[in-house]
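Whatever order the structure lists ligands and atoms in, that order sets their numbers, starting from 1.
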Amino acid sequence: MQNFELNKLVRKNILALKPYSSARDEFKGEAEVYLDANENPYPSDFNRYPDPLQWKVKELLAQQKGVNAEQIFLGNGSDEAIDLLIRVFCEPNQDSVMITEPTYGMYRVCANINAIAIQNVLLTKDYQLDTEGILKTATPNTKIIFLCSPNNPTGNLLKLKDIFLILNKFAGLVVVDEAYIDFAGDISLIKELKNYPNLVILQTFSKAWGLAGLRLGMCFASEAIIALLNKVKYPYNVNIKTQELAIEALLQVDKKNKAVTEILSERDELVTALKQIPFINKVYPSDANFVLVAMDNASSIYQKLMQQGIIVRDRSTVVLCESSLRITIGTPTENKKLINTLKSV
Ligand SMILES: *Cc1c(COP(=O)(O)O)cnc(C)c1O
């Protein structure tokens with residue numbers, strides 16, 4: 001946050017950009033006759049364009065998250081937000097982003113697509129931030145540091161004091177990806193947005209909410225940062241059906257909370273069972289809906305599980321995850337089948 005100046009961080013062409021103004025941007029409110037968007041006039045569920053800024057979804061989210069609706073960006077998965085953040089703040093062939101591997105792969109891919117250099121400061125052996133290394137490696141061209149907490153694929157939360165240290169010392173954006181935060185208790189950093197103008201938080205409907213197929217991701221930040229993302233996004237980036245189903249889901253938070261409770265109790269059982277399998281060397285502590293498991297011959301176990309119709313994620317070639325598989329918590333039946341199959345291979 002030291003010397004944080006948003007307008008200096010943004011790419012100049014984006015700052016100067018006059019965004020596309022859609023028909024639905026220019027007229028807001030209710031009318032009897034819409035002849036402004038070249039739509040087919042015959043009514044169906046989908047003959048009209050969706051609300052470009054998804055206000056109904058955002059108003060519900062704003063209440064639940066304790067922020068203003070203007071502090072929310074919604075996109076085609078959180079992946080859209082990751083890509084937009086890079087495109088808004090990083091000048092191709094000049095700027096860089098920092099990542100802390102092993103972590104979610106999309107930060108690296110989005111940076112590569114946009115010709116943005118990657119500074120990779122590995123996590124420590126216990127999968128925490130090397131804060132000294134991060135702060136030493138950052139340059140004035142480092143525009144974004146991506147942190148993932150709970151981290152994928154390791155499953156652990158990052159220490160809050162480390163995240164705060166980086167928020168305090170780094171002059172660029174700190175993006176905290178909270179895709180798995182619902183599994184970690186009520187500890188989102190959203191409440192810190194008012195203290196840190198350089199904080200950006202990502203969440204998603206794809207995990208705890210059980211709506212991966214909808215493709216809806218959330219980004220929370222200052223109104224100024226969100227306005228920049230809105231300027232660059234495709235005009236109608238979230239379709240009508242997705243907006244409707246998100247509203248339906250948000251009106252039934254209990255359903256999500258119940259799923260989380262069940263998954264967490266299943267995780268405990270699965271971890272206990274995994275620890276009894278002789279070739280499993282370590283089940284890493286998890287704050288998410290998956291566990292990272294180190295074992296002898298991980299790749300060959302992965303193949304054998306696959307032959308039995310069970311697909312897990314082979315992370316054995318990932319730095320600091322050598323010989324590990326990442327296993328998502330399934331239903332009780334699925335988890336039993338996994339354990340029985342592991343015992344038999
Ligand atoms: C699954 C996941 C996401 C979610 O991506 P969507 O595009 O919203 O489905 C984001 N970040 C991390 C770390 C993830 O594991």
Give a yes or no on whether R313 atom CZ has more than 12 heavy-atom contacts from other residues, nucleotides or ligands under 6.0 Å away.
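No - once you tally the heavy atoms of other residues, nucleotides and ligands closer than 6.0 Å, there are 12 at most.
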
Which option out of N289, D177, L216 puts a heavy atom nearest to atom 12 (C) of ligand 1?
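Residue with the shortest heavy-atom distance to the ligand atom: D177.
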
Can you sort out which atoms of ligand 1 are near A179, meaning under 4.0 Å from one of its heavy atoms?
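Here the atoms of ligand 1 in question are 2 (C), 3 (C), 10 (C), 11 (N), 12 (C), 14 (C).
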
C148 neighbourhood, listing ligand 1 atoms whose heavy-atom distance to it stays under 4.0 Å:
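Reading through ligand 1 atom by atom, the close ones are 13 (C).
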
In this structure, does ligand 1 have an atom that sits under 4.0 Å from one of the heavy atoms of A212?
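For ligand 1, residue contact (heavy atoms, under 4.0 Å) with A212 is absent.
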
Give a yes or no on this: more than 12 heavy atoms of other residues, nucleotides or ligands lie within 6.0 Å of atom CZ of F164.
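Check passes, neighbour count above 12.
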
Heavy-atom nearest neighbour in the protein, as seen from atom 15 (O) of ligand 1, with distance rounded to 0.1 Å
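Ranking protein heavy atoms by distance from atom 15 (O) of ligand 1, first comes Y180 OH, 2.6 Å.
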
Atom NZ of K56: over 12 foreign heavy atoms under 6.0 Å:
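Counting neighbours around NZ of K56, 12 or fewer heavy atoms of other residues, nucleotides or ligands fall under 6.0 Å, so no.
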
Y127 vs N151 side-chain heavy atoms within contact, under 4.5 Å
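Of all side-chain heavy-atom pairs linking N151 with Y127, none is under 4.5 Å.
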
is_close_aromatic(F290, Y180), centroid dist under 6.0 Å
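Between Y180 and F290, which both carry aromatic rings, the centre distance is below 6.0 Å.
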
When you measure from atom 9 (O) of ligand 1 to every protein heavy atom, which one gives the shortest distance, and what is it?
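Its nearest protein heavy-atom neighbour is S206 OG, 2.6 Å.
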
Given that the side chain starts at C-beta and the backbone is N, CA, C, O, which of these parts of S78 lies under 4.0 Å from ligand 1, counting heavy atoms, or is it both or neither?
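Contact part for S78 vs ligand 1: both backbone and side chain.
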
Quick one: look at R215 and ligand 1, take heavy-atom pairs under 4.0 Å, and tell me if it's side chain, backbone, both or neither.
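The part of R215 near ligand 1 is the side chain, not the backbone.
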
Within-cut-off N or O pair, K207 and ligand 1, under 3.5 Å
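Yes; at least one N/O pair falls below 3.5 Å.
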
Applying ring pair (Phe, Tyr, Trp, His ring centres under 6.0 Å) to Y234 and Y20, what does each step give before you reach the verdict?
CA-CA 9 Å; Y234 290 151; Y20 176 73; over 10 Å; no

Please list, in number order, the atoms of ligand 1 under 4.0 Å from a heavy atom of G77.
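Heavy-atom distances to G77 below 4.0 Å select 6 (P), 7 (O), 8 (O).
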
Take atom CG of D186 as the centre, draw a 6.0 Å sphere, and report whether it contains more than 12 heavy atoms from other residues, nucleotides or ligands.
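Check fails, neighbour count at 12 or below.
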
D79 and ligand 1 - part of the residue with a heavy-atom distance under 4.0 Å
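Both the backbone and the side chain of D79 come within reach of ligand 1.
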
Looking only at N/O atoms, are Y107 and ligand 1 under 3.5 Å apart anywhere?
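No, since none of the N or O atoms of Y107 sits under 3.5 Å from an N or O of ligand 1.
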
Any side-chain heavy-atom pair of S344 and Q308 under 4.5 Å
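S344 does not reach Q308 side chain to side chain.
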
